[in-house]
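Notes for the one structure printed next.
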Amino acid sequence: MRRPRFAALVLAFAALVLLDRPSAAKPPTLSAFFPAGAGRGQTTSVKMSGTFDHWPVQCWVDGDGLSVVPGKEKGVLSVVVAADAAPGVRWVRVYDQDGATNLRPFIVGSLPETTEAEPNDDPRRPQKLDEARVTINGRLAKRGDVDGFAVDLKAGATLTADVDAARRLGSPMDGVLQVVSADGFVLEQNDDAGGFDPRIVFDAPSDGTYIVRLFAFPAKPDSSIRFAGGDDYIYRLTLTTDGFIDHAFPLAVPREGRGVVAAEGPNIPQSGPFSILVAPSDAGLDRLSLTHAPLAGAALVRRVSGPTPIEAEP
């Protein structure tokens, strides 16, 4: 009987030794940034969703005009956007001695930016915005969440409200966007102007306060019939009564040499200085997402081989 008892003691001691040893660290993981973007010339603190066994991590950025360094708090980055940074997507990854994360997008905006302030889901108490020219970094944090933002408009003003969530941030949300009167009547609604991301172009019928309201269903349908939300339901809502780039004309330019396209969309003059120069350095790319500060929005332009003649009216 002594031998089995001795063997059991040896096994118990070995188990204690193994438990006392530190477990092997895993590579970091990164699923989202919040906020998911910042304006030109802005310095912001960004919270990462993921796991980070070692801190601080190292940061790598694809693109110019963005500086990213780890903060003192675990999982938090300090992001500095240069004042002359070109609007658009920057791809960021973090890494340590055990590995690296996947690339995640961080958006450089062309408008002033702010962050959603909860609670703003009560239709009688939306978040009040100082001006109708802003990008809001928000999150539908829980099931049933509805985010509302109040903005003052003059009669005849054209407000563009655009949600960027699924198409560039990878948020798993199928958004629904509404413009609502101060007394609760839905004046305009859109579900899928940009795939899962809605957009509304709204002409104010009179002076007053209007509420822009956002909620979502899951992009991947499930058995629930309710508004969705969660930590990864991150969005950027752009509101502007100034120019918004919806598309470019022409839609394609030659791959060789320079090309010029005109930015077109709400509140952009038909004849004005808003032309975008496509640099020859981009010739290797088949598609370009073009921006033009201080306009909001972006235009997708193709690069093709051969001439691209433009229709001449009449």
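- By the rule that hydrophobic residues join a cluster once side-chain heavy atoms approach within less than 4.5 Å of another member, Ile211 and Leu153 end up as members of separate clusters.
- Nearest heavy atom pair, residue Val89 against residue Pro105, reads CG1-CB, 3.9 Å.
- Side-chain contact between Arg236 and Leu169 is present, with at least one heavy-atom pair separated by less than 4.5 Å.
- The side-chain heavy atoms of Arg199 and Phe244, taken from C-beta on, include a pair separated by under 4.5 Å.
- At least one donor-acceptor pair under 3.5 Å links the side chain of Asp53 to the backbone N or O of Lys26.
- The closest side-chain heavy-atom distance from Gln42 to Val79 is not below 4.5 Å.
- Asp203 and Thr158 share a side-chain donor-acceptor pair at under 3.5 Å.
- Looking at Val261 and Val253, their side chains come closer than 4.5 Å, going by heavy atoms from C-beta outward.
- Thr209 and Asp152 share a side-chain donor-acceptor pair at under 3.5 Å.
- Taking both residues in full, the closest heavy atoms of Ala298 and Ser289 are given as CB-OG, 3.7 Å, listed atom of the first, atom of the second, then distance.
- Side-chain contact between Ser110 and Pro294 is absent, with no heavy-atom pair separated by less than 4.5 Å.
- Heavy-atom neighbours of Asp130 CG from other residues, nucleotides or ligands within 6.0 Å: at or below the threshold of 12.
- Atom CG of Asp192 sits in a crowded spot, with more than 12 heavy atoms from other residues, nucleotides or ligands closer than 6.0 Å.
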ask   = Does the side-chain contact (heavy atoms from CB on, under 4.5 Å) test come out yes or no for Val61 and Arg93, once each step is laid out?
value = CA-CA 7 Å; Val61 180; Arg93 78 162 87 241; over 6 Å; no
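- Looking only at side-chain heavy atoms (C-beta outward), Phe227 and Pro218 stay at 4.5 Å or farther from each other.
- Partners of Thr238 under the side chain to side chain donor-acceptor pair (under 3.5 Å) rule, at least two apart in sequence or in another chain, are Thr135.
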ask   = Do Leu159 and Thr240 pass the side-chain contact (heavy atoms from CB on, under 4.5 Å) test, and can you show the C-alpha distance, the side-chain angles, and the key distance before you say yes or no?
value = CA-CA 6 Å; Leu159 174 72; Thr240 183; 5.9 Å; no
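- Shown here for Pro28 and Tyr95, the closest heavy-atom pair between the two residues is CG-CA, 4.2 Å.
- Counting non-hydrogen atoms of other residues, nucleotides and ligands closer than 6.0 Å to NZ of Lys47 gives a total above 12.
- Geometrically, Arg213 does not engage Phe149 in a cation-pi contact defined by less than 6.0 Å to the ring centre and at most 45° from the axis.
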task = Kindly determine whether Ser181 and Asp183 satisfy side-chain hydrogen bond (donor to acceptor under 3.5 Å, both in side chains), including the steps that lead there.
result = CA-CA 5 Å; Ser181 67; Asp183 48 5; 2.4 Å; yes
task = Let me see the working for Gln97 and His54 under side-chain contact (heavy atoms from CB on, under 4.5 Å), right down to the final yes or no.
result = CA-CA 8 Å; Gln97 60 264 41; His54 301 290; 3.4 Å; yes
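- For the pair Asp242/Leu295, no side-chain contact is recorded, criterion being any heavy-atom separation below 4.5 Å from C-beta on.
- For Tyr235 and Asn137, the side-chain atoms include no donor-acceptor pair closer than 3.5 Å.
- Nearest heavy-atom pair, Val134 versus Leu129, reported as atom, atom and distance to 0.1 Å: CG1-CD1, 4.1 Å.
- Ion pairing between Asp286 and Arg255 holds under the 4.0 Å rule for side-chain N and carboxylate O.
- Under the 4.5 Å side-chain heavy-atom criterion for Ile, Leu, Val, Met, Phe, Trp and Tyr, Ile234 and Met173 are members of distinct hydrophobic clusters.
- Between Lys142 and Asp121 there is a salt bridge, with a side-chain nitrogen of the basic residue lying less than 4.0 Å from a carboxylate oxygen of the acidic one.
- A side-chain donor-acceptor contact under 3.5 Å links Thr51 and Thr29.
- Crowding of Arg302 atom CZ: a count of heavy atoms from other residues, nucleotides or ligands under 6.0 Å not exceeding 12.
- At a threshold of 4.5 Å between non-hydrogen side-chain atoms, the residues Met48 and Phe33 count as touching.
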